[in-house]
Amino acid sequence: MKRIGILTAGGDTPALNATIAGAVEQANQARVEVYGIIKGFSGLLNRQVPHVHLNPLYHSIPELDPTRGGTILGASRDYVDGDDSETIARVAERLKKLKIDGLVCVGGDGTLNGMQPLSNYLPVALAPKTIDNDLGLNYPEEPNEWIREPSEGSRGYRYRKQPGREFTNDEMVNYVTPGYATSVYVSSQSVQRIRTTAESHRRVAIIEVMGRDCGMIALGTAYGQPDIILVPESPVDPGPLVERVIAILDIQKHAVICVSEGIVDKDGDILGSKVASKDPAGNVQYTGAAEAVKRLLVEQIGDAFFTRQRRNESADAAIFVRKIGHTQRGGRPILFDRFYAAQLGGKAVRLLLDGYHNCVATLQCRDGGFHLDSMDANKLRDRWGIIHARPLPLAFYDAERFQPSKQGVEYFRSMFTNALGADDIEATRTLFNTGNLVRPYDSVNVHVHKRIRRIDPGA
């Protein structure tokens with residue numbers, strides 16, 4: 001191969017630039033050119049295919065900084081529809097005009113679905129990323145445990161996972177995705193900061209984190225020491241939850257609850273509001289999980305509990321909600337994410353150069369140590385060809401204590417023990433640089449825009 005393309009797609013994560021940097025470094029060593037496609041699949045759908053040469057003379061451009069969050073290439077939630085053969089053929093022709101011999105896509109399951117139709121035209125590989133940590137398998141045969149049932153939904157079916165088997169952490173396929181560790185770091189810090197206000201004012205804080213249908217972020221936020229963690233994989237039972245909250249309040253006069261945005265009730269229905277997303281990936285957007293838990297507690301506990309000891313004037317006033325939101329997606333990636341994102345980006349390039357095709361670079365953990373591997377992308381699909389988000393294993397969660405189980409603690413320990421580097425701490429010193437008061441923000445988009453080139457669609 002003489003030239004490969006790379007794109008970033010889907011939701012933002014802190015480690016995307018690190019992934020690109022790792023891919024470019026591997027290409028530099030192999031004397032292969034790298035063209036970055038602007039705005040993910042949206043760039044491929046553009047007749048001019050805006051792109052940037054990332055390694056002229058086999059040197060990375062200075063704008064590519066692995067410590068910078070986000071992606072200098074931009075991203076979108078546009079995808080190539082696998083059933084739209086005409087569009088796929090046009091995209092392939094555009095890549096041919098650019099003399100692209102192989103394509104690296106950086107993303108999650110939506111990106112993987114968008115990538116695979118192109119595999120009929122050129123070699124492709126995925127470098128995984130997602131803050132949700134839901135790309136992969138808890139054990140190799142997990143896709144066979146999904147069943148399909150008739151539904152009145154738009155697709156006519158809904159998918160339900162049967163209970164899985166016990167497994168060891170060494171069996172996990174793609175142990176963790178870049179972006180997750182930084183997201184947990186941000187969420188854990190947020191819990192610690194909100195805790196002091198709840199403690200000072202004898203209140204209940206309900207903190208909502210991202211993750212969609214997977215509770216990995218919420219459970220990892222145990223590092224911030226919330227009193228209760230609620231995850232989508234374990235339906236919320238009001239009785240035990242209220243009992244636990246009251247017991248905590250009786251002892252320490254306040255409580256902190258971390259809630260994953262996709263939590264469900266005992267019937268499997270989303271507790272928060274659920275609306276169709278406008279993005280072409282067909283995602284569902286969840287809002288209001290924390291508010292739903294607050295309403296539950298207000299109704300179940302009542303005003304008298306809080307007023308009789310002069311703690312607050314009402315249950316509504318005693319319980320407050322905070323949503324961490326997009327701060328989990330942005331900012332400087334911590335050492336763990338920077339290092340392994342770069343490794344996976346390089347691995348994806350290496351897979352293409354070694355002749356592998358339609359595959360995923362993976363990060364494995366064996367005997368407490370991490371190493372790179374890969375897998376056939378089709379092994380993530382169930383019997384109907386669907387790629388499902390990896391759920392948080394119930395073995396990681398102690399539903400009685402609302403905390404990580406012993407196996408969950410071991411999972412996080414292997415990842416986070418050395419997740420921060422000295423430079424991560426030192427980087428905070430730059431916040432109060434006096435120059436920040438007088439200089440405007442220097443956007444990397446301004447500099448990258450000068451490098452963008454386009455093809456002539458009529459040529």
Side-chain angles (χ1 to χ4, degrees), residues 8-20 39-40 42 65 67-78 106-111 128-135 176-194 205-221 223-224 226 230-232 258-263 270 272-281 283-292 320-334 336-338 341 389 424 427-428 431 441 443-445:
T8 51
D12 197 23
T13 75
L16 288 170
N17 282 324
T19 307
I20 300 169
K39 293 211 68 177
S42 176
D65 179 358
T67 67
R68 179 189 290 269
T71 165
I72 64 169
L73 298 177
S76 71
R77 291 191 181 273
D78 287 337
V106 186
D109 54 0
T111 305
K129 67 86 190 171
T130 168
I131 65 167
D132 300 337
N133 197 22
D134 61 357
L135 178 68
V176 61
T177 52
Y180 172 70
T182 305
S183 179
V184 167
Y185 172 67
V186 171
S187 298
S188 297
Q189 280 196 323
S190 299
V191 168
Q192 288 181 333
R193 289 182 175 274
I194 293 171
I206 305 175
I207 304 167
E208 183 176 327
V209 299
M210 290 181 171
R212 297 182 52 74
D213 299 313
C214 177
M216 281 285 196
I217 294 178
L219 197 61
T221 303
Y223 276 107
L230 301 179
V231 298
C258 180
V259 175
S260 183
E261 63 184 349
I263 56 173
I270 300 295
S273 60
K274 177 179 173 182
V275 294
S277 172
K278 296 180 180 179
D279 70 77
N283 289 324
V284 171
Q285 184 178 8
Y286 301 141
T287 60
E291 289 287 352
F320 69 97
V321 169
R322 292 295 178 268
K323 195 171 184 177
I324 298 176
H326 280 73
T327 56
Q328 295 160 92
R329 290 193 179 278
R332 176 191 172 96
I334 63 174
F336 182 93
D337 276 341
R338 293 198 310 276
D424 292 321
T428 61
L431 177 64
Y441 178 72
S443 173
V444 71
N445 289 349

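Note that this is a predicted model, so its numbers are computed, not measured.
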Checklist entry - Can you tell if the side chain of I217 reaches within under 4.5 Å of the side chain of N133, non-hydrogen atoms only? => result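 Not in contact.
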Item to check | Non-hydrogen side-chain atoms of E291 and E208 separated by less than 4.5 Å | outcome: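 Answer no - side chains too far apart.
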Once you round to the nearest 0.5 Å, how far does [atom1] of [X] lie from [atom2] of [Y]?
X	Y	atom1	atom2	result
S188	I207	OG	CD1	10.0 Å
E261	C214	CD	SG	10.5 Å
R329	I131	CZ	CD1	4.0 Å
C258	I324	SG	CD1	6.5 Å

Under a 3.5 Å distance rule, please check whether [X] uses its side chain to pair with a backbone N or O of [Y] as donor and acceptor.
X	Y	answer
T8	G74	yes
Q192	G224	no
S76	K39	yes
K129	G11	yes
T182	I334	yes
D109	L135	no

For [X] versus [Y], what's the shortest heavy-atom pair and its separation?
X	Y	result
T111	A9	OG1-CB, 3.5 Å
G70	L16	O-CB, 3.3 Å
T177	P128	CG2-CB, 4.2 Å
G215	V231	O-CG1, 3.8 Å
G330	P14	O-CG, 4.0 Å
G179	A15	N-CB, 4.0 Å

Checklist outcome for this item: Per side chain to side chain contact (heavy atoms under 4.5 Å, CB included), V444 is matched among I72, N17, T71 by I72
Checklist entry - Do you know which of Q328, R212, M216 makes side chain to side chain contact (heavy atoms under 4.5 Å, CB included) with D132? => result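 Among Q328, R212, M216, the one that satisfies the side chain to side chain contact (heavy atoms under 4.5 Å, CB included) with D132 is R212.
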Next on the checklist: Assess the residue pair Y185 and D337 against the criterion (side-chain contact (heavy atoms from CB on, under 4.5 Å)); give the C-alpha distance rounded to whole Å, side-chain angles, the decisive distance to 0.1 Å, and a yes or no.
Outcome noted: CA-CA 11 Å; Y185 172 67; D337 276 341; over 6 Å; no
Item to check | Carboxylate-amine/guanidinium contact D424 R338, below 4.0 Å | outcome: yes
Checklist entry - Do T130 and Y180 pass the side-chain contact (heavy atoms from CB on, under 4.5 Å) test, and can you show the C-alpha distance, the side-chain angles, and the key distance before you say yes or no? => result CA-CA 6 Å; T130 168; Y180 172 70; over 6 Å; no
